Amino acid sequence: MVDKRRTRSRNEGLIGEGPVVYWMQRDQRVSSNWALLYAQEQAIARRVPLMVVFNLVPHYGKATLRQYDFMLKGLEEVETKLTSLNIPFTVLVGTPEETIPAFVKKHKVGEVVVDFNPLRFVDGWKKTVGKSLSVRLTEVDAHNIVPCFVASDKEEFAAYTFRPKIHRALSEYLTKFPTLKKHPYGELGLTSIKWSKCFESIDVDESVAPVAFVSGERAAQAMLKEFIKMRLTRYHLDRNDPTLSGVSGLSPYLHFGQLSAQEVAMRVRESDAPNDAKDAFLEELLVRRELSDNFCFYNNAYDQLAGAHVWAQTTLTKHTKDKREVVYTLEALEQGETHDDLWNAMQLQMVKEGKMHGWCRMYWAKKILEWTPDPQSAIDHALYLNDRYSLDGNDPNGVVGVMWSICGVHDRAWNDRPVFGKVRYMNYSGAKRKFDIKAYIEKYGSKSTLFT
DNA sequence: ATCGGCTCGCGCAA
DNA sequence: TGCGCGAAGCCGAT
């Protein structure tokens, strides 16, 4: 049985007699998916068919062809897996406000199940769709281990206020996933998805090319296996050195929901890596990751200076008039054309590979604050670049990373200094102390393979 | 190389 | 009401 506390109703609709539909959004996987499992459980209890739909919007946040390509390739695998389980899968092209109610009407659907995402434009779809449906819209948090709306009932001040809540709830939610069954009711329609038509329907910037990073549930499982075998043992020692391969590499898979965070947590816990390594990784996977959803869920101004702690807003506003030593345009930043060779290398790595090392994300964003006319422009620029080029862009994790770096979200005050005020400062010599920046710049600092 | 101070406010203990 | 402590740091003193 799926724990009812993972679910909440998003409208006043009533459960009807017809099929159950899972409106897949953020959790684009067949295995270990509480929303899909819940939908099947409801369908079997009512002896009705189960269907899965994905609504493909022509543009999503600031995503480019790079992210769409990764996503659609993952969804092809979803189609194959669902088909073998007698669960029809459909991609609806258009806006969900129109497509979902029409689909529900056409198929006389009795209940719509949807996964959870705190980003405001996604939540807006659910509000509108929920209102126009006469049947129930049930939301299941399939992304977080402890459901976001259960973990805390307010915006958390920092990781230390959130951590005990997560750890206390963990044993109740870290439960084994039931197996998705071959669905016993209904028959598959014969129309398979025309994926080339899906690609044609999107309207995004195609100049940001797809990257050589294999998409899908199978690739995600392989990466998880490799991480646990090769890198987890030294995770606590190597993760903050961008010249080493110390990080998990799971972020794109977690972002698109091709991998379940809960499954990752359980596999890491049962591995025989040292406890220090496991603790360091689980801190990031459980506490920081889920804290990002908490921030975006409870803070309406999650991408604005107004969303920061009051002390941070005060100090940054006070320092907005400070003279910047150098100011770069968004274009100069995007091209990696600053005076800072380390920063340029980080930017170019993201442009080329679609990813940026965790430690670099902080340094990178803080420099944008230093080099832009005001904090809100810095937030906008950092999110623009991250959401365009990173495979895991357009995600609460990226939002909080930028907000932590630029306006001290979940952080505390430090020494007062120009431009930054009391927001934690980072600089080039700090990076030098920490890792071999020369090796890093040699590896990523060249523009030779760019824009060819 | 190592250490303390910087600075804010939450949340628990008393 | 007091007090400990926090996501990755910096800087100057020793």
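Throughout, protein chains are lettered first and strands after them, A, B, ... in sequence-line order, and every chain is numbered starting at 1. Note that these values count all heavy atoms, side chains included, but never hydrogens, waters or copies made by symmetry. Remember, it's a predicted structure, so these values are computed and weren't measured experimentally.
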Visitor: For the side-chain hydrogen bond (donor to acceptor under 3.5 Å, both in side chains) test, which of A:Asn294, A:Asn299, A:Asn300 pairs with A:Glu155?
Guide: A:Asn299
Visitor: Can you check whether A:Phe54 and A:Phe89 have ring centres sitting under 6.0 Å from each other?
Guide: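 That pair fails the under 6.0 Å test.
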Visitor: How far, in whole Å, is C:dG12 from B:dT7 if one measures between their P atoms?
Guide: 15 Å
Visitor: If you round to the nearest 0.5 Å, how far is CG of A:Asp341 from CE of A:Met346?
Guide: 10.0 Å
Visitor: Mind checking the P distance from C:dC5 to B:dG4? Whole angstroms is fine.
Guide: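 About 14 Å, rounded to a whole number of Å.
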Visitor: For the residue pair A:Asp340 / A:Thr338, report whether a side-chain donor-acceptor contact shorter than 3.5 Å exists.
Guide: no
Visitor: Start with the C-alpha gap between A:Phe420 and A:Trp414, add the side-chain angles, then the distance that decides, and say whether ring pair (Phe, Tyr, Trp, His ring centres under 6.0 Å) holds.
Guide: CA-CA 10 Å; A:Phe420 283 78; A:Trp414 298 86; over 10 Å; no
Visitor: Heavy atoms from C-beta onward define the side chain here; which of B:dC10, C:dA8, C:dA7 lies closest to that of A:Arg288?
Guide: C:dA7
Visitor: Rounded to whole Å, how long is the line connecting atom NE2 of A:His357 with atom C1' of C:dA7?
Guide: 14 Å
Visitor: Could you list the residues that satisfy side chain to side chain donor-acceptor pair (under 3.5 Å) with A:Asp141, not counting sequence neighbours?
Guide: A:Asn144
Visitor: Taking 4.0 Å as the cut-off, does a side-chain nitrogen or oxygen of A:Lys165 come that near to OP1 or OP2 on B:dG11?
Guide: no
Visitor: Can you run through DNA chain B from 5' to 3' and write each base as (, ), [, ], | or . depending on how it pairs? Watson-Crick or G-U wobble, both distances under 3.5 Å.
Guide: ||||||.||||||.
Visitor: Do A:Arg10 and A:Asp123 sit within salt-bridge range, that is, some charged N less than 4.0 Å from a carboxylate O?
Guide: yes
Visitor: Using a distance-only criterion (donor-acceptor N/O pair, under 3.5 Å, no hydrogens), is the base of B:dG9 paired with the side chain of A:Tyr160?
Guide: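 Yes, the side chain and the base share a sub-3.5 Å donor-acceptor pair.
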Visitor: If I pick the P atom on B:dG11 and the same atom on C:dA7, what distance separates them, to the nearest angstrom?
Guide: 13 Å
Visitor: Contact class for A:Arg163 vs. all strands (heavy atom < 4.0 Å): base, sugar-phosphate, or nothing?
Guide: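 Sugar-phosphate, no base atom in range.
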Visitor: Base, sugar-phosphate, or nothing for A:Lys366, non-hydrogen atoms under 4.0 angstrom?
Guide: nothing
Visitor: Distance from A:Trp23 atom CH2 to A:Glu139 atom CD, nearest 0.5 Å?
Guide: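 If we round to the nearest 0.5 Å, A:Trp23:CH2 and A:Glu139:CD are 10.0 Å apart.
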Visitor: Quick one, which residues of residues 411-442 of chain A touch DNA chain B with a heavy atom under 4.0 Å?
Guide: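 Contacting residues: A:Arg412, A:Ala413, A:Trp414, A:Asn415, A:Lys422.
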